[in-house]
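Please read the structure below before turning to the comments.
Numbering of ligands and ligand atoms starts at 1, following listing order.
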Amino acid sequence: MHTMNRSFRQHMALTLAAMWITVLPAGAAWADDDDFRGAPLDPLYLEECGACHVAFPPALLSQRSWGAVADGLADHFGTDASLDPETLQTIRRYLDDNAGRRRSDGADGRPLLRITDTRWFRKEHRPGEHGLRSDTFSRPEVGSAANCAACHRGAEEGRYGEREIRIPTPGSAR
Ligand code: HEC
Ligand code: HEC
């Protein structure tokens with residue numbers, strides 16, 4: 001009986017240790033824009049901020065930028081995306097907790113409102129690399145750089161891994 005208990009405890013300790021080893025690096029990478037992996041998106045965020053476009057990964061903008069986006073929802077890129085105060089507060093907290101650590105300010109020092117305007121995005125999507133051309137984003141099949149899901153097949157669920165990228169070919173628009 002004693003030996004069984006001990007081996008069970010040993011087994012549990014090993015299992016827990018293994019869990020930490022696998023869980024920790026993924027969590028650490030999530031907060032770093034350069035090592036972007038994607039993480040499950042909060043259901044409320046997915047519902048409210050994924051209604052008109054994909055729910056953008058919080059790690060791709062700074063806290064300051066998300067704050068500015070949240071402050072401006074009544075006039076959000078030409079639409080009214082305002083939320084009731086309670087929902088707004090919950091989403092704000094989620095964005096704050098999961099924002100990227102890198103600054104996303106414009107040349108004027110004010111926080112950028114667009115992921116697609118950040119240095120990180122431009123570098124990652126530079127024309128001439130990975131099949132991207134200067135006109136790729138304006139093609140009718142894509143429409144805008146903000147239309148992440150045109151190329152990132154897992155974008156609706158917040159996945160942007162390289163294996164799920166497919167750039168639409170010209171003329172494939174329906
Ligand atoms: C009523 C529709 C609507 C809702 C709801 C909405 N958005 Fe948007 N959002 C837009 C439009 C339109 C754009 C501009 C898209 C474009 O340029 O192609 C946009 C663009 C953005 C961008 C910039 C994308 C880029 O990098 O170019 C961010 C960030 C953003 N929205 C965040 C949010 C967040 C956070 C919420 C939830 C609080 C939200 N949106 C809810 C309509 C909406
Ligand atoms: C026209 C197609 C296209 C659109 C639209 C697009 N991307 Fe990409 N994205 C790419 C390509 C191509 C790469 C480079 C993949 C590589 O490094 O091999 C990439 C790379 C990335 C990466 C890095 C992936 C990795 O594992 O290295 C992230 C994150 C990403 N994009 C996010 C976004 C987000 C967020 C949006 C929308 C705001 C977006 N992309 C819009 C094509 C696109």
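Atoms CG and CZ, from Leu61 and Arg102 in turn, are 12.0 Å apart once rounded to the nearest 0.5 Å. Between atom CH2 of residue Trp120 and atom NE2 of residue His125 there is a gap of 5.5 Å, rounded to the nearest 0.5 Å.
Applying the side chain to side chain contact (heavy atoms under 4.5 Å, CB included) criterion to Leu44, with sequence neighbours excluded, gives Asp42, Glu48, Thr87, Thr90, Ile91. In this view, His76 satisfies the ring pair (Phe, Tyr, Trp, His ring centres under 6.0 Å) rule with no residue, not counting sequence neighbours.
If you check each of His125, Glu129, Arg166 against atom 9 (N) of ligand 2, the one with the closest non-hydrogen atom is His125. If you check each of Gly143, Gly158, Cys151 against atom 3 (C) of ligand 2, the one with the closest non-hydrogen atom is Cys151. Checking Phe137, Phe121, Trp120 against atom 4 (C) of ligand 2, the nearest heavy atom belongs to Phe137.
With a heavy-atom cut-off of 4.0 Å, Ala145 touches ligand 2 through its backbone alone.
Not a single heavy atom of Ala150 lies less than 4.0 angstrom from ligand 2. The shortest separation from a heavy atom of Leu113 to ligand 1 is under 4.0 Å, placing the residue in contact.
For the pair Ser65/Ile115, no side-chain contact is recorded, criterion being any heavy-atom separation below 4.5 Å from C-beta on. In this structure the side chain of Ser104 never reaches within 4.5 angstrom of the side chain of Pro111, judged on heavy atoms. At least one side-chain heavy atom of Arg114 sits under 4.5 Å from a side-chain heavy atom of Phe77.
Residue contacts with ligand 1: Tyr45 is placed with no nitrogen or oxygen under 3.5 Å of a nitrogen or oxygen of the ligand (distance criterion only).
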Fill in: Full working for side-chain contact (heavy atoms from CB on, under 4.5 Å) between Ile167 and Leu132
CA-CA 8 Å; Ile167 301 170; Leu132 292 169; 3.8 Å; yes
Item to complete: Please assess Tyr160 against Val54 for the test side-chain contact (heavy atoms from CB on, under 4.5 Å), listing each intermediate value before the final yes or no.
Response: CA-CA 12 Å; Tyr160 292 84; Val54 300; 3.8 Å; yes
Apply the test side-chain contact (heavy atoms from CB on, under 4.5 Å) to residues Thr116 and Arg122: give CA-CA distance (whole Å), side-chain angles for both, the deciding distance (0.1 Å), then the verdict. CA-CA 7 Å; Thr116 53; Arg122 289 176 180 206; over 6 Å; no
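Annotation for ligand 1: atoms under 4.0 Å from non-hydrogen atoms of Thr116 are 25 (C), 26 (O), 27 (O). Remark: ligand 1 atoms within the under-4.0 Å shell around heavy atoms of Glu48 are 5 (C). Atoms of ligand 2 lying under 4.0 Å from at least one heavy atom of Glu124, given by number and element, are 17 (O), 20 (C), 21 (C), 22 (C), 23 (C), 27 (O). If you number the atoms of ligand 2 from 1 as listed, the ones under 4.0 Å from a heavy atom of Leu60 come out as 35 (C). The contact set between ligand 2 and Thr136, taken as ligand atoms under 4.0 Å from a residue heavy atom, comprises 1 (C). When each atom of ligand 2 is checked for a heavy atom of Asn147 under 4.0 Å away, the hits are 5 (C). Per-residue contacts place Leu73 under 4.0 angstrom from the following atoms of ligand 1 (heavy atoms of the residue considered): 38 (C).
Counting only heavy atoms of the protein, atom 26 (O) of ligand 1 lies nearest to Ile115 N, 2.7 Å. The protein heavy atom nearest to atom 18 (O) of ligand 1 is Ser144 OG, 2.9 Å.
Residue Glu164 qualifies as enclosed at atom CD: its count of foreign heavy atoms under 6.0 Å is above 12.
Taking backbone and side-chain atoms together, Cys148 has no N/O/S atom less than 2.8 Å away from atom 8 (Fe) of ligand 2.
No salt bridge links Arg139 with Glu141; every basic N to acidic carboxylate O contact stays at or beyond 4.0 Å.
Protein N/O/S atoms nearer than 2.8 Å to atom 8 (Fe) of ligand 1 total 2.
A ring pair (Phe, Tyr, Trp, His ring centres under 6.0 Å) check over residues 42-72, counting only residues at least two apart or in different chains, returns the pairs Tyr45-Tyr94, His53-Phe56.
Listed for the Thr79 side chain is no donor-acceptor partner under 3.5 Å among the backbone atoms of Ala81.
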